[in-house]
Amino acid sequence: MIGLKQQDWSLDVLPRYFTLEDYEGGEARWCPGCGDHGVLTAVQRICRDDQVLPEKTVCVSGIGCSSRFPHYMATYGFHGLHGRALPVACGIKSRRPDLTVWVATGDGDCCSIGAGHWIHAIRYNMDMVVMLFDNNVYGLTKKQTSPTTRVGVKTNTHPRGAWLPPLNPTEATLGFTNVSFVANTVDWNPAHLHATLDAAYRHRGLSFVHIRQRCPHFTPDAFVDIVDDPSKVLLLEHENGLDVDPAVTRMYPNHMAHDPSDLIGALAVARRDDVAAIGLLFQDESRPCYEEFTHHGIGTTAEEKMVALDKELDRFAV
Ligand code: SF4
C-alpha cells in the first residue's frame, strides 16, 4: 500500500481473525477442471495469510467466464461491462487508494474490447493486481476466436481454424509505458501460481499477471503440451525473482537466470515460443503511481469543497 495521506473510512471494530471461509463468496459455477478454480483459491489464501480486511478489498471484473470472480469472493466486488474492468478499478483506486484491488479479466475482455484501457491502466500504474486469465478462447459465449487463439484452432467464428498469429499479452504489456510488474504463471501449478500472485499483491504499483488457464470445455488441447511435458516450461529464477517452493524448482528441468530489472531481457524471454517461460519477467517499484496524484483533496470537508469551488468559479467572473 502506498503511504498516502488519506482519510480512514473504516469503522472501529474489535480485532478479528479471518479464516479461508471468510473470503469465500458464492459457490463457484465454473466447469469442473476449469483453471479459474485454482486462481480463486490462491487469492483467498493470500487474503487469509495477510489477514486482508474483506471490507477494504474490492474484486473488479469485466465480462467472461473468469469475470464471475467477484461473485465468489466475500469482499466488495464490481462485475462490470465487457472490457471495462480496468477503468472501474482505476476509478476505485483513484479515490480510495487505501483499498486492496484485484482485477479478473480474460483474453477477450482485456486484449480485445478492453485493449485501450489495458494500455492506459499499465501507464497509470495504480496499486492493484491484474490477473489475465488466458484460456485462448471466448468461453462464456461458447467458443469464438480470441486475440490469443493459436493459428489453426477451430472455433465458431473460424470453423476452418484461426488465421492470424496470436497476440502475446506478456510481450505487449512489457512494451507499454510505465510498466512496473509483469509475471507469467500457470493455473495447474498451485505453488507457482500462489508465489506469483503473492509477489504481485506485495508489489507497489500495477502488477500484471498472465495466467495460462485451462478451459477443458472449449480448448482442452490449448496447454496440453506444456502440462504433459515439463521440459517445455522455462522456469525463471533470480534472487530478486519469485520465492518459489523448492519442489517447483525440481519439477521443471529447464531453468534460466533472469534479472527482473532487465526489461530488454524480459522482452526476449516473453517472445520465446519454443518454451513457456514462467516467473517474474520485470519489476520496477520506482515507477510513478497515478493515485499519488489523484489522492489530492481526499478528506476535505464539505465547507472546504465549497470554498475551493467558489474560488474556481470566481476565476470566470466578469
Ligand atoms: Fe472454465 Fe472454459 Fe468452463 Fe468457462 S467454459 S468455466 S473457461 S472450463
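- The aromatic rings of H296 and F293 sit perpendicular to each other, their planes meeting at more than 60°, with 30° as the lower class boundary.
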message: Is there a side-chain contact (heavy atoms from CB on, under 4.5 Å) between L40 and M73? Walk through the geometry before answering.
response: CA-CA 8 Å; L40 178 67; M73 290 287 292; 3.8 Å; yes
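- Across every non-hydrogen atom of R272 and D274, the tightest pair is NH2-OD2, 2.8 Å.
- Under the 4.5 Å side-chain heavy-atom criterion for ILVMFWY residues, a single connected hydrophobic cluster contains both M256 and L174.
- More than 12 non-hydrogen atoms from other residues, nucleotides or ligands lie less than 6.0 angstrom from CG of D228.
- H258 places a side-chain N or O within donor-acceptor distance of the main-chain N or O of L281, the cut-off being under 3.5 Å.
- With a 6.0 Å radius and a threshold of 12 heavy atoms from other residues, nucleotides or ligands, Y76 has its OH atom at or below the threshold.
- Using modelled atom types, one finds a donor on one side chain and an acceptor on the other under 3.5 Å when comparing S180 with N125.
- No hydrogens or angles considered: nothing links the side chains of N135 and T219 as a donor-acceptor pair under 3.5 Å.
- Between the side chain of Y23 and the backbone N or O of C47 there is at least one donor-acceptor pair closer than 3.5 Å.
- In this structure the side chain of V224 never reaches within 4.5 angstrom of the side chain of R214, judged on heavy atoms.
- The side-chain heavy atoms of T145 and V137, taken from C-beta on, include no pair separated by under 4.5 Å.
- Minimum interatomic distance between A270 and T170 (heavy atoms only, all atoms of both residues): CB-CG2, 4.0 Å.
- Side chain of D109 to main chain of H82: no donor-acceptor pair is present (N/O by atom type, distance under 3.5 Å, no hydrogens or angles).
- Counting heavy atoms of neighbouring residues, nucleotides and ligands inside a 6.0 Å radius, atom CD of E27 does not exceed 12 of them.
- Put simply, the side chain of N178 gets close to the backbone of P288: a donor and an acceptor are under 3.5 Å apart.
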- prompt: How far apart are the C-alpha atoms of F18 and L53, what are their side-chain angles, what is the distance that settles it, and do they pass the side-chain contact (heavy atoms from CB on, under 4.5 Å) test?
  reply: CA-CA 8 Å; F18 299 103; L53 297 176; 3.7 Å; yes
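- Residue W118 comes nearest to C110 through the heavy atom pair CG-SG, 3.6 Å, listed as atom of the first residue, atom of the second, then distance.
- Contact of the I92 side chain with the V60 side chain is registered, since non-hydrogen atoms from C-beta on lie closer than 4.5 Å.
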message: Is there a side chain to side chain donor-acceptor pair (under 3.5 Å) between N156 and Y138? Walk through the geometry before answering.
response: CA-CA 10 Å; N156 292 341; Y138 285 91; over 6 Å; no
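- A single hydrophobic cluster is not seen to contain both I113 and I119; linkage of ILVMFWY side chains at heavy-atom distances under 4.5 Å, directly or through other members, places them apart.
- Ion pairing between R212 and D187 fails under the 4.0 Å rule for side-chain N and carboxylate O.
- The two residues N136 and S146 come nearest to each other via the heavy atoms C-OG, 3.5 Å.
- At a threshold of 4.0 Å, the pair R202-D50 counts as salt-bridged, since one of the basic side-chain nitrogens sits closer than that to a carboxylate oxygen.
- Looking at heavy atoms from C-beta onward, S67 lies in side-chain contact with H79 at the 4.5 angstrom threshold.
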message: Between I122 and T173, does the side-chain contact (heavy atoms from CB on, under 4.5 Å) criterion hold? Intermediate values first, please.
response: CA-CA 7 Å; I122 298 296; T173 306; 3.6 Å; yes
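- Note that CG of L313 is 8.5 Å distant from CE of M306, once rounded to the nearest 0.5 Å.
- Separation of atoms CD1 (I298) and CG (D98) is listed at 8.0 Å; rounding is to 0.5 Å.
- Of the candidates V103, T105, L197, L193, M131 forms a side chain to side chain contact (heavy atoms under 4.5 Å, CB included) with just one, namely L197.
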Check against side chain to side chain donor-acceptor pair (under 3.5 Å), H203 and Q283: CA-CA 8 Å; H203 172 73; Q283 183 170 24; 3.0 Å; yes
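- Across A121 and L206, no two heavy atoms sit closer than the pair O-CD1, 3.4 Å.
- With hydrogens and angles ignored, the 3.5 Å screen pairs no side-chain donor or acceptor of E291 with any backbone N or O of K93.
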- request: Determine, stepwise, if the pair H210 / T185 fulfils side chain to side chain donor-acceptor pair (under 3.5 Å).
  value: CA-CA 6 Å; H210 176 249; T185 187; over 6 Å; no
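- At least one donor-acceptor pair under 3.5 Å links the side chain of S207 to the backbone N or O of A200.
- Within a 6.0 Å radius of CG in L81, no more than 12 heavy atoms belonging to other residues, nucleotides or ligands are found.
- Considering CD1 of I278 and CG of L236, their distance stands at 8.0 Å, rounded to 0.5 Å.
- Distance check, rounded to the nearest 0.5 Å: CZ of F133 to CH2 of W30 gives 6.0 Å.
- The backbone N or O of T19 lies less than 3.5 Å from a partner atom in the side chain of D22, making a donor-acceptor pair.
- We find that D314 and K311 are not joined by a salt bridge, their nearest charged nitrogen and carboxylate oxygen being 4.0 Å or further apart.
- Between D127 and C289 there is no side-chain heavy-atom pair separated by less than 4.5 Å.
- Surrounding OH of Y17 are more than 12 heavy atoms belonging to other residues, nucleotides or ligands, all under 6.0 Å away.
- Under the ring-ring contact (aromatic ring centres under 6.0 Å, His included) criterion, F223 pairs with W188, sequence neighbours left out.
- Partners of R160 by side chain to side chain contact (heavy atoms under 4.5 Å, CB included), not counting sequence neighbours: none found.
- In terms of modelled atom types and a separation under 3.5 Å, the side chain of H255 and the main chain of T249 share a donor-acceptor contact.
- Taken to the nearest 0.5 Å, the CG atom of L242 stands 11.0 Å off from the CG atom of N240.
- Not a single ring-ring contact (aromatic ring centres under 6.0 Å, His included) links F69 to another residue, sequence neighbours left out.
- Listed here is the closest heavy atom pair of G83 and H117: O-CD2, 3.3 Å.
- Looking at Q144 and T155, their side chains never come closer than 4.5 Å, going by heavy atoms from C-beta outward.
- Within the 4.5 Å cutoff, side-chain heavy atoms of I63 are placed close to those of L140.
- Aromatic ring pairs are classed by plane angle as parallel below 30°, tilted from 30° to 60° and perpendicular above 60°; the pair W102 and Y201 is parallel.
- Using a 4.0 Å cut-off between a side-chain N of Lys or Arg and a carboxylate O of Asp or Glu, E171 and R271 qualify as a salt bridge.
- Enclosure of atom CZ in R123 is not indicated, since only 12 or fewer non-hydrogen atoms of other residues, nucleotides or ligands lie within 6.0 angstrom.
- The shortest distance between side-chain heavy atoms of T100 and K56 does not fall below 4.5 Å.
- Rounding to the nearest 0.5 Å places CG of L86 at 11.0 Å from OH of Y124.
- The pair R48-E21 fails the salt-bridge criterion, with no side-chain N (NZ, NE, NH1 or NH2) lying under 4.0 Å from an Asp/Glu carboxylate O.
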task: May I have the step-by-step check of side-chain contact (heavy atoms from CB on, under 4.5 Å) for L132 and Q213, ending in yes or no?
output: CA-CA 9 Å; L132 176 60; Q213 177 241 311; over 6 Å; no
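- Within 6.0 Å of CZ in F78 there are 12 or fewer heavy atoms belonging to other residues, nucleotides or ligands.
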